[in-house]
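Heads up, the thing below is written out as structure tokens.
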Amino acid sequence: QVQLVESGGGSVQAGGSLRLSCAASRDYSSYLMAWFRQAPGKEREGVAAIDSAGSTTYADSVKGRFTISKDNAKNTLYLQMNSLKPEDTAIYYCAADLLTASVESFVLAGWQVLGTWGQGTQVTVSS
């Protein structure tokens, strides 16, 4: 099974930017990949997803500010986060869904991941 390792988290002031990376242990180009986050005291929520065709979807709270992308040659998933807000503070996780074919199906399934997760990386945004 593919292993995922996130990096790029840190502390930034509101309005700043960060780019998260998620390195996969092997070719993941045929999988749907996603970013989730979990803030203290809250449930984990989906942030963005990208399928093997390159179609993307975003949570309403990050639309226009976050961009998900991937580099299949490097087996790496990215999340570019701009105009960060204090409410974006959370642990960010990447996930690989091994069975879902499209972002449309992923959304209809309630962002349920049928696969594996990374260990997470902390993002802290101060006001």
May I ask you to check whether F36 and W117 place their ring centers less than 6.0 Å from one another?
yes
Under 3.5 Å, is there a donor-acceptor pair between the D51 and S102 side chains?
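No, S102 and D51 have no side-chain donor paired with an acceptor closer than 3.5 Å.
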Cluster link [X] to [Y], ILVMFWY, side chain under 4.5 Å:
X    : Y    : value
V113 : M33  : no
W35  : V103 : no
I91  : V12  : no
L98  : L4   : yes
I50  : L32  : no

Please confirm whether the backbone N or O of [Y] pairs with a side-chain atom of [X], one donor and one acceptor, at under 3.5 Å?
X    : Y    : result
T89  : V125 : yes
E104 : L108 : no
Y58  : I68  : yes

On the ring face of Y78, is R19 found with NZ or CZ under 6.0 Å from the centre and within 45° of the axis?
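Positive - R19 is close enough to the ring of Y78 and near enough to its axis.
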Quick check for you: to the nearest 0.5 Å, what is the distance between [X] atom [atom1] and [Y] atom [atom2]?
X    : Y   : atom1 : atom2 : answer
T76  : D71 : OG1   : CG    : 6.5 Å
T121 : L79 : OG1   : CG    : 11.0 Å
Q80  : L20 : CD    : CG    : 9.0 Å
E87  : R37 : CD    : CZ    : 8.0 Å
S126 : Q13 : OG    : CD    : 5.0 Å

Closest heavy-atom pair and its distance - [X], [Y]:
X   : Y   : answer
L77 : Y28 : N-OH, 3.7 Å
E6  : Y92 : OE2-O, 4.0 Å
S83 : R65 : O-NH1, 3.0 Å
A90 : A39 : CB-N, 3.8 Å
K70 : S52 : NZ-CA, 3.5 Å
V47 : F66 : CG1-CD2, 3.6 Å

Taking everything shown except Q3 itself, do over 12 heavy atoms lie less than 6.0 Å from its CD?
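Counting neighbours around CD of Q3, 12 or fewer heavy atoms of other residues, nucleotides or ligands fall under 6.0 Å, so no.
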Residue pair S17, N82: steps toward the side chain to side chain donor-acceptor pair (under 3.5 Å) verdict:
CA-CA 4 Å; S17 298; N82 298 328; 2.9 Å; yes
Quick test of your reading of the model: are D88 and K85 salt-bridged, counting only N-O distances below 4.0 Å?
no
Scan V62, L18, T67 and name whichever one has a side-chain contact (heavy atoms from CB on, under 4.5 Å) with M81.
L18
W111 and T57: side-chain contact (heavy atoms from CB on, under 4.5 Å), yes or no, with the steps?
CA-CA 11 Å; W111 294 67; T57 190; 3.9 Å; yes
